[in-house]
Every structure is written in structure tokens, then in C-alpha cells.
Amino acid sequence: MPEGHVVHRLAAAFTDHFVGHVLAASSPQGRFAEGAAAVDGHRLLAAEAWGKQMFLGFEGDLWLRVHLGMYGMWRFSGPGLAGIGRRTGKEAEQDEDGRPLPRGAVRLRLASNTHIGDLSGPTFCGIETPAEKAAATAAIGPDPLRPGARPGRAWDIISASKMSIGQLLMRQNVIGGIGNIYRAELLFRARIEPHKPGRDLTRAQFDALWRDARALLRDGVRDGAIITTRPQDRPAGTPVVGRRMRRDARSYVAFRNGEPCRICGTPIAMELMAGRKLYWCPTCQIR
DNA sequence: ATCCGATGTCAAT
DNA sequence: TTGACCTCGGATC
């Protein structure tokens, strides 16, 4: 579910609604009882997003690191959190205190007096020391959503690599936060064929990719959805913006295997690249 | 009601 | 390169 924009939205939600509060932590499902106990009753001091990883900093030099992976999600309840994470569902059952019962296998519940965040299905979830947190963030490539990110680090790797730019963009140690959809859409918008070796990109091409990544990811944070099509390239009558936009109007190439390219009409191509589906337009994108 | 695929990563092979 | 993880939305019946 998440590329970097989702993680940044989540971190912002924690900053707005949980930071500054003493939190009760528990593991309804039981698999994270030890970690929950470590931060239970501690005040939350910070929430940070680095690429696809989120860090919650608690009193006592404790950092909770969460990576949602493919299935992980946060489900919130409390004021001001509509549209962040999965919906609680109005039919959610409540306990005698009016709090929503954990839905499904909730690995970690963080609760203030007013808000609840339920984490389920993360690929990683653990308590780390400041040193471990620093090591984890150091291993993440520049994140286009982070002020001060240094794209030169990514360029150094890309410009020296014979690996395809399609694969390089997916590597979190090259650029943090890009996933399969942004990868495909960025390369389409830059008109770069995904199999082009990284070292064959010009600096200008890389700079354009980086600028577009910043713009698209920021839009993603704003919209809560990945929408990369320019208005003039959407099907006529595509009504709404943002999260409510029809799925089939949101992307140029992602998930559009066999459908006509919005620019030239050529059927969109798809193949497996390093185990992930890669989509591109064989005509618009050139090596 | 049921099936399938998914915006990710890692370990095992 | 493949399977495991583990949950949901959306498509299909």
C-alpha cells in the first residue's frame, strides 16, 4: 500500500495528534508485547518519515521504527484523522469505554486520551536506540520529501551503475520513498525507457527525475493518492480531483498493461523486472 | 461469498 | 529467483 507519500502523511498525523502526549501502548495481537511494554506510558516526542520508514521517538531515547511493507497499515480513530490510514469503519465495534475494538490482528495500539492508532501487518516493527535509528536512516537514500535531501548522493550511485534506471529507482538506498507506481510514472513523464542503464543518463535527465519526484510525491501527500496524469491527458469528463478521482484516470502507465498510451496510443507494455511489474510506453520512452 | 492481486522487503535457494 | 509475510479492496461469481 505505501510509497513514501503515505509514510509522510502518517508521520504528519502522528505529529499533529499524538506528539506531546503520554501514550498507552499495547499489543492486542500479542506479537509485539515486549516492544509495546517498552514504550507504554512514555511521552511521544517526535514522528519522522524517511523514505518508506517511520520513526516515533519516545521519552527515554526509545525509537519505534515501523515499515509497513506490502500489507501493513495504520487505522486511526479520534478527531482530525479522517482520510489518514485505513478507515475505522462506522460499524466498528466498541468496548464499554467507547473505544473501537482492535480490528483484525493488531500488532500495536498506541492510545492517548483522545486518539488511537492501530498498527497491523507491518513488515518490520521494533524498538531501537538512537544509534540504531541513525544507522537505519543513514542507509536510506535521499528522500525527495525531506528538506535538505541531497540528490547528489543518488546521482553518484546512478551515474556509476550499469543497472537499469528502472531497478535503481526502486532501491531504497538510492532514493528513499519511490515505489513501483512512482517508478513507472516518473520514467514515463521523463520519457526515459526503464531499461536504460543508470550510467547512460545525463545529469539533466537525473535532475528532471528528481524535480518531478519531489513534485509528484508532494502531490501524493496532499491528495492521499498517487495521481500523476496532467488534466489534459485524462479521459474527458474525469470529474474530481484528489482521492476521489477514478482509478483509471490517475496514471499514465501503471496498471495500464495493454491499454493505449494517453499520449501516442501505443499499447502500454508490461514485464517483470526484478520480480516487480514494470509498465512503460515503448514509443514515448526512449533509451 | 470467494478469489486475486497489491503502492515491499528479506531470507533462503 | 522464489517464497514468506499477512491484510485488504475490488473484481467476480
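Throughout, protein chains are lettered first and strands after them, A, B, ... in sequence-line order, and every chain is numbered starting at 1. All heavy atoms count here, side chains included; hydrogens, waters and symmetry mates do not.
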**Connected hydrophobic set around Val22(A), excluding itself, where side chains approach under 4.5 Å** = none
**Asked** Can you check the Leu68(A) CG to dG8(B) P distance for me, whole Å?
**Response** 11 Å
**Message:** Measuring only the C1' atom in each nucleotide, how far is dT7(B) from dT1(C)? A whole number of Å is fine.
**Reply:** 22 Å
**Request:** Classify the nucleic acid contact of Ala105(A) as base, sugar-phosphate or nothing, counting any heavy atom under 4.0 Å across all strands shown.
**Result:** sugar-phosphate
**Item:** Between dT7(B) (P) and Leu217(A) (CG): distance, integer Å
**Value:** 16 Å
**Message:** Output the rounded distance in Å from CZ (Arg250(A)) to C1' (dG9(C)).
**Reply:** 12 Å
**Request:** Map every base of DNA chain C to its dot-bracket character, where paired means a Watson-Crick or G-U wobble contact with both distances under 3.5 Å and | marks a partner outside the strand.
**Result:** |||||.||||||.
**Asked** Taking atom P in both dT13(B) and dC5(C), what distance in whole Å separates the two?
**Response** 14 Å
**Prompt:** Do Tyr71(A) and dC5(C) share a donor-acceptor pair, side chain to base, under 3.5 Å?
**Reply:** yes
**Asked** Counting N and O atoms only, with roles assigned by atom type, does the side chain of Asp143(A) sit under 3.5 Å from a partner on the main chain of Leu145(A), one being a donor and the other an acceptor?
**Response** yes
**Residues that His115(A) engages under ring-ring contact (aromatic ring centres under 6.0 Å, His included), provided they are two or more places apart** = His17(A), Phe18(A)
**Message:** Using the P atom as the point on both nucleotides, what is the distance between dG5(B) and dC13(C), in whole Å?
**Reply:** 13 Å
**Request:** Let me know the distance between CD1 of Ile226(A) and C1' of dG8(B), rounded to the nearest Å.
**Result:** 13 Å
**Asked** Other hydrophobic cluster members with Met273(A), side-chain heavy atoms of Ile/Leu/Val/Met/Phe/Trp/Tyr under 4.5 Å, chained?
**Response** Leu278(A), Trp280(A)
**Asked** Which residues pass the salt bridge (charged side-chain N to carboxylate O under 4.0 Å, His left out) test with Arg43(A), sequence neighbours left out?
**Response** Glu59(A)
So which protein N/O to nucleotides 9-13 of chain B N/O distances come out below 3.5 Å?
from   : atom 1 : to       : atom 2 : distance (Å)
dT9(B) : OP1    : His67(A) : NE2    : 3.2
dT9(B) : OP2    : Lys52(A) : NZ     : 3.3

**Fill in**
Residue pairs passing the ring pair (Phe, Tyr, Trp, His ring centres under 6.0 Å) test with at least one member in residues 138-181 of chain A, sequence neighbours excluded, are Trp155(A)-Phe206(A)
**Request:** Rounded off to whole Å, could you give me the CE-to-C1' distance for the Met54(A) and dG8(B) pair?
**Result:** 16 Å
**Worked check of salt bridge (Lys or Arg N to Asp or Glu O under 4.0 Å) between Arg189(A) and Asp212(A)** = CA-CA 8 Å; Arg189(A) 287 165 56 105; Asp212(A) 204 31; 2.8 Å; yes
**Complete:** When rounded to whole Å, the CD1 to P distance for the pair Ile181(A) and dG8(B) reads 7 Å
**Message:** From CD of Glu271(A) over to P of dT1(C), roughly how many Å is that when rounded to an integer?
**Reply:** 11 Å
**Request:** Sort and list the pairs that fulfil salt bridge (Lys or Arg N to Asp or Glu O under 4.0 Å) and have at least one residue in residues 110-136 of chain A, not counting sequence neighbours.
**Result:** Glu48(A)-Lys133(A), Arg65(A)-Glu128(A), Arg109(A)-Asp118(A)
**Message:** I need the CZ-P distance between Phe255(A) and dG5(B), as an integer number of Å.
**Reply:** 13 Å
**Request:** Mind jotting down which residue pairs meet the side chain to side chain donor-acceptor pair (under 3.5 Å) criterion with at least one end in residues 174-183 of chain A? Sequence neighbours excluded, please.
**Result:** Asn180(A)-Arg183(A)
